[in-house]
Peer 1: 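Got a structure for you, written out below as C-alpha cells; questions coming shortly.
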Amino acid sequence: MDIAENAALVVVDVQKGFEEAGFWGPRNNPGADDNIAALIDVWQASGRPVVFVRHDSVKPGSPLRLGSEGNELKSYVEERRGKGAGAELFVTKTVNSAFLGTPDLGAWLGAQGISQIVLAGIQTNMCVETTARMGGNLGYDVVVAYDATHTFDLEGPFGWRRSAEELAQASAVSLHGGGFARVVTTREVVGAAG
C-alpha cells in the first residue's frame with residue numbers, strides 16, 4: 001500500500017460526548033483511541049497534513065451539541081492540534097460528511113494538491129463512512145484505518161438491532177467491496193507512511 005507524501009489524515013469527530021455510554025449504548029473496538037493517536041503522531045512527525053473535524057450537533061439533547069463539554073475534542077486530540085510540521089485544518093459540520101462543513105474541505109484539499117485521504121474517527125458507520133463515500137465519489141483515493149474507528153449498537157427499521165461490531169464490519173464491507181475506499185489496519189497505514 002502506498003501512502004502519498006502529502007496524504008491528509010482526516011480525524012473525524014473524536015469528541016468527549018461519545019464517552020457518554022448511557023446515551024450511545026455499547027461500542028466496539030476499545031483500542032480505537034490509541035490507534036487514532038498513533039496515526040496523528042505519525043502524520044505530524046512526517047510533516048503530512050492533518051484535518052481535525054468536529055460535529056456541532058443541532059439536536060438539543062445531543063452530547064455533541066455546540067456549547068456543551070461533549071462537543072469538545074477528546075483531550076488527546078486537542079493536545080495534538082497545532083503540533084505538526086505539516087499543514088493543518090479544523091472543520092466544523094452539522095451533517096455526516098466532513099465535505100459539507102466549514103471551511104470547505106474539498107477546496108482546501110484541492111488548493112494543497114492533495115488527492116489521497118486517510119480517515120479515522122467516530123462513528124465507523126456514520127460520519128466516517130459518509131465522508132469516505134463522498135470522498136470516493138469526488139475522486140479522492142480514500143483509505144479507512146478500520147481499527148482507528150468505532151461505533152455503537154443501533155436499532156433500525158422492523159425492530160432490527162445490530163451490534164456495533166456487526167455495523168462496523170458491514171460498513172467496512174460496503175466501503176471496500178463497493179470501491180469507495182480501501183479499508184485497512186492502522187499498522188498497515190503506519191508502515192506505509194513511515
Side-chain angles (χ1 to χ4, degrees), residues 1-15 18 27-55 73-74 76-81 83-84 86-91 93 96-99 101 105 109 112 114-152 164-194:
M1 178 177 58
D2 292 327
I3 297 294
E5 287 299 318
N6 71 338
L9 176 65
V10 181
V11 182
V12 180
D13 302 351
V14 184
Q15 292 165 252
F18 282 121
R27 64 169 273 189
N28 71 326
N29 191 18
D33 289 298
D34 289 342
N35 289 326
I36 293 165
L39 287 169
I40 296 170
D41 290 345
V42 167
W43 249 251
Q44 290 184 326
S46 68
R48 288 183 173 92
V50 180
V51 178
F52 295 100
V53 182
R54 186 185 73 203
H55 189 82
L73 297 177
K74 290 187 184 185
Y76 77 89
V77 174
E78 186 61 41
E79 290 162 4
R80 284 168 166 82
R81 285 184 58 204
K83 302 287 174 62
E88 186 176 300
L89 182 69
F90 180 63
V91 173
K93 62 182 181 59
N96 301 106
S97 176
F99 284 98
L105 176 59
L109 293 170
Q112 303 281 332
I114 296 168
S115 61
Q116 185 182 58
I117 59 173
V118 176
L119 297 177
I122 311 169
Q123 300 179 52
T124 315
N125 59 318
M126 299 287 183
C127 296
V128 173
E129 180 175 345
T130 305
T131 301
R133 285 176 178 271
M134 195 162 177
N137 283 172
L138 291 169
Y140 292 95
D141 175 15
V142 181
V143 176
V144 176
Y146 176 73
D147 56 352
T149 73
H150 77 79
T151 192
F152 303 91
E165 189 61 27
E166 289 171 323
L167 291 168
Q169 289 179 11
S171 181
V173 169
S174 293
L175 289 173
H176 194 93
F180 294 98
R182 285 177 290 159
V183 180
V184 299
T185 65
T186 298
R187 180 177 294 197
E188 289 176 275
V189 174
V190 168

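Quick caveat, the model's predicted, so the values are computed rather than measured.
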Peer 1: Please answer whether the main-chain N or O of Ala168 pairs with a side-chain N or O of Asn125 as donor and acceptor at a distance below 3.5 Å.
Peer 2: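 Side chain of Asn125 to backbone of Ala168: no pair is present.
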
Peer 1: Output all residues satisfying side-chain contact (heavy atoms from CB on, under 4.5 Å) with Glu188, sequence neighbours left out; order by chain, then residue number.
Peer 2: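 Glu188: side-chain contact (heavy atoms from CB on, under 4.5 Å) contacts with Met1, Val184, Thr185.
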
Peer 1: In Å, rounded to the nearest 0.5 Å, how long is the span from CG of Leu39 to CZ of Arg48?
Peer 2: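 One gets 11.0 Å once the value is rounded to the nearest 0.5 Å.
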
Peer 1: Considering only heavy atoms from C-beta outward, does the side chain of Val189 approach that of Tyr146 to under 4.5 Å?
Peer 2: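 Not in contact.
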
Peer 1: Parallel, tilted or perpendicular: which fits the ring planes of Phe18 and His150, with parallel below 30° and perpendicular above 60°?
Peer 2: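 Answer is perpendicular, since the angle exceeds 60°.
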
Peer 1: State whether the side chain of Arg81 and the backbone N or O of Val77 hold a donor-acceptor pair below 3.5 Å, judged by distance alone.
Peer 2: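 No, Arg81 side chain to Val77 backbone: no donor-acceptor pair under 3.5 Å.
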
Peer 1: Between His55 and Asp13, is there a donor-acceptor pair closer than 3.5 Å when you use the side chain of the first and the backbone of the second?
Peer 2: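 Absent.
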
Peer 1: So among Thr151, Thr130, Asn96, which one has a side chain to side chain donor-acceptor pair (under 3.5 Å) with Gln123?
Peer 2: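 Only one option passes, and that is Thr151.
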
Peer 1: Side-chain donor-acceptor pair under 3.5 Å between Thr124 and Thr149, yes or no?
Peer 2: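 There is such a pair between these side chains.
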
Peer 1: Do Arg187 and Asp147 meet the salt-bridge criterion of a basic N to acidic O distance under 4.0 Å?
Peer 2: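 A salt bridge is absent here (no side-chain N lies under 4.0 Å from a carboxylate O).
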
Peer 1: I'd like to check the side-chain contact (heavy atoms from CB on, under 4.5 Å) partners of Gln116; sequence neighbours left out, ordered by chain and number.
Peer 2: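 For Gln116 the side-chain contact (heavy atoms from CB on, under 4.5 Å) partners, ignoring immediate neighbours, are Ile3, Ala4, Ala7, Asp141, Val143, Arg182.
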
Peer 1: Quick check: does any side chain N or O of Thr131 sit under 3.5 Å from a backbone N or O of Ala98, one acting as donor and the other as acceptor?
Peer 2: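 Yes; judged by distance alone, with no hydrogens or angles, the pair exists.
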
Peer 1: Taking the side chain as every heavy atom from C-beta outward, state whether Val14 and Asp33 have any atom pair closer than 4.5 Å.
Peer 2: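 Sidechains of Asp33 and Val14: in contact.
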
